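Working notes, structure below.
By convention here, the first residue in the shown sequence is residue 1. As the structure is a computational prediction, the values presented were derived from the model and not from experiment. Counting convention: from 1, in listed order, for ligands and their atoms alike.
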Amino acid sequence: MREIYSCTWPFAITTVLFVVILAKFLKDKIKKKNVKKSTHKLPPGRRGWPLIGDSLNWYNAVASSHPPGFVEEQVKSLFGKWAVVSADPTFNRFVMQNEGKLFQSSYPKSFRDLVGKNGVITMQGEQQRKLHGIASNMMRLEKLKFHFLEDIQRVMLQTLSNFEDNQVILLQDVAINLMVNQLLGVTSESEINEMARLFSDFVDGCLSVPINLPGTAYHTAMKAREKIIKKINRTIKKYRQEGSLEGNNGVLARLLEEESLPDEAVADFIINLLFAGNETTAKTMLFAVYFLTQCPTALHHLLEEQDSFRSKSGGVENKLTWQDYKSMPFTQCVIDETLRIGGIAIWLMREAKEDVKYQVHLDENVYNGALNFNPWRWMDPENQEKRNWRNSPFYAPFGGGARFCPGAELARLQIAFFLHYFVTTYG
Ligand code: HEM
Ligand SMILES: *[C@@H]1O[C@H](CO)[C@@H](O)[C@H](O)[C@H]1NC(C)=O
Ligand SMILES: *[C@@H]1O[C@H](CO)[C@@H](O)[C@H](O)[C@H]1NC(C)=O
């Protein structure tokens, strides 16, 4: 009965997570000593060109829609450093659990300049834990009911209604509009569009080659970053003058009301969330639609489930409720399956703080028909333990350990609602 769609991608991944370790220790070892004398064996792979190495390929791969192709090779010289690229779930988990101990999160300077040095992504230690706690608190499951449910649907319908009559739906518009709305709390279409454009320039620059000369994407991004900060600064000023931000449900407003971050850390905090949330959410939506169009049985099953909410509430105008969200088992399977094969969050980077020996076993066979898009696999009782995305060793689409994605629940809610409006409108 089930028609299983075989995914056509030429790579074999058993996890959606790739961890790049900028392995300084390997570089030092090779510089100082004779490699052959070293007791540490390097993982297989080539080194790329000196200095630039495969950085360009890396940037291109990350910016493209088929990044995993790049990850097939195991050792790369990225950003002028030695790097190990790991697609092994157990190893990745080991790395994530040892954040701040054996490994620490590390990004190129150009990237740090863009997202800001005061944000959670680039922070370490105590400061990172504090910011991570704030972010997790603002977007945890119980908060979603009150602060996001209405707005997500309002912005979603607003954005989707702009794409009537066979026009191509720009899914990335959906994601960025949602992020701008949820983080800054702006709801008017023109304001959302203006901010989305700035953010777009900004993010383009984050994944481009970091040359800060007029005309380059990186330069445009730095300029966009400044304008975004100005906007955030204006909101802070308004809040300080008026003592509240009436009718603003955004993370920024709640951050000012509930927490006491210094002003210069507020902008970076928001920009970090935006950066982490837009690309990942956009890609998940895009891949979900792609996989579903390739797998009509799944699309049909999903439509059936989502149609029941439409007929119950009598039309698209009636918004979904929290209870609706809690009764979409197949939709949740589609999201999990998309995250499993999508390879969404591939830009995790870690620097080894000391020499690390680890038995890397590739070719682990964790999933039957690992390359097939098969949402029903998640209904199998056998897979329930694996499915636990908070601490499964085999399924970690939102990372783990100290840097576990604070936006995970929000992302899932957005994607579920997106799938609802997408299939009931266009299905
Ligand atoms: C499907 C969508 C998403 C996926 C697959 C995803 C995945 C991840 C992963 C794997 C990490 C860990 C990074 C690391 O270990 O270095 C992470 C971190 C993070 N995510 Fe998400 N994410 C998603 C959506 C979001 C959203 C919507 C937000 C916020 C609006 C968000 C905010 C963050 C932040 C701030 C971090 C950094 C946490 C830290 O460094 O302490 N993410 N995400
Ligand atoms: C958001 O992510 C999408 C998908 O990767 C990307 O194309 C787009 O430029 C990003 N937009 C913004 C405004 O950040
Ligand atoms: C925004 O405000 C912060 C803190 O008051 C300040 O340090 C920064 O220079 C301002 N940035 C812009 C672009 O206005």
Between ligand 3 and Asn233, is the shortest N or O to N or O distance under 3.5 Å? yes
Any donor-acceptor N or O pair under 3.5 Å, side chains Lys386, Asn383: yes
Which of the numbered atoms in ligand 1 are below 4.0 angstrom from a heavy atom of Leu273? 29 (C), 30 (C), 35 (C)
Any salt bridge between Asp268 and Arg225, counting N to O under 4.0 Å? yes
Taking only non-hydrogen atoms of Pro397 and a 4.0 Å limit, the atoms of ligand 1 in range are 5 (C), 7 (C), 10 (C)
For Glu337, is there an ion pair with Arg340 - N to carboxylate O distance below 4.0 angstrom? yes
Heavy-atom protein contact below 4.0 Å for atom 14 (O) of ligand 3: yes
Does the distance from a Lys or Arg side-chain N to an Asp or Glu carboxylate O, for Glu189 and Arg154, drop under 4.0 Å? no
Pair Lys227 + Glu194: basic N to acidic O under 4.0 Å: no
Out of all atoms in ligand 3, which are within 4.0 Å of some heavy atom of Lys230? Include the element for each. 13 (C), 14 (O)
Heavy-atom distances under 4.0 Å decide this one: backbone, side chain, both or neither, for Met179 against ligand 1? side chain
Identify, by atom number and element, the atoms of ligand 1 in contact range of Met139, meaning under 4.0 Å from any of its heavy atoms. 29 (C), 30 (C)
Should you measure from each heavy atom of Gln128, which atoms of ligand 1 turn up under 4.0 Å away? 39 (C), 41 (O)
Which of these, Phe404, Trp389, Phe398, has its nearest heavy atom closest to atom 6 (C) of ligand 1? Phe398
For the atom pair OH (Tyr325) and CG (Leu149), what is the distance rounded to the nearest 0.5 Å? 10.0 Å
Is the shortest distance from a Lys or Arg side-chain nitrogen in Lys283 or Glu279 to a carboxylate oxygen in the other one below 4.0 Å? yes
Ranked by distance from atom 5 (O) of ligand 3, the top protein heavy atom is Asp263 CB, 4.0 Å
Show me which atoms of ligand 1 lie under 4.0 Å from any heavy atom of Val120. 35 (C), 39 (C), 40 (O), 41 (O)
In terms of side-chain geometry, is the basic nitrogen of Arg412 or Asp336 positioned less than 4.0 Å from the acidic oxygen of its partner? yes
Only heavy atoms count here, so choose which of Ala135, Ala408, Cys405 is nearest to atom 42 (N) of ligand 1. Cys405
Any Pro406 heavy atom less than 4.0 Å from ligand 1: yes
Of Phe373, Tyr395, Phe330, Trp389, which is the lone residue that meets ring-ring contact (aromatic ring centres under 6.0 Å, His included) with Trp378? Tyr395
Please could you name the atoms of ligand 1 that Arg403 approaches to less than 4.0 Å, counting only its heavy atoms? 12 (C), 15 (O), 18 (C), 38 (C), 39 (C), 40 (O), 41 (O)
Does the pair Lys319/Asp324 count as a salt bridge with the N-to-O cut at 4.0 Å? no
Atom 7 (O) of ligand 3: nearest protein contact (heavy atom, Å): Glu264 CB, 4.2 Å
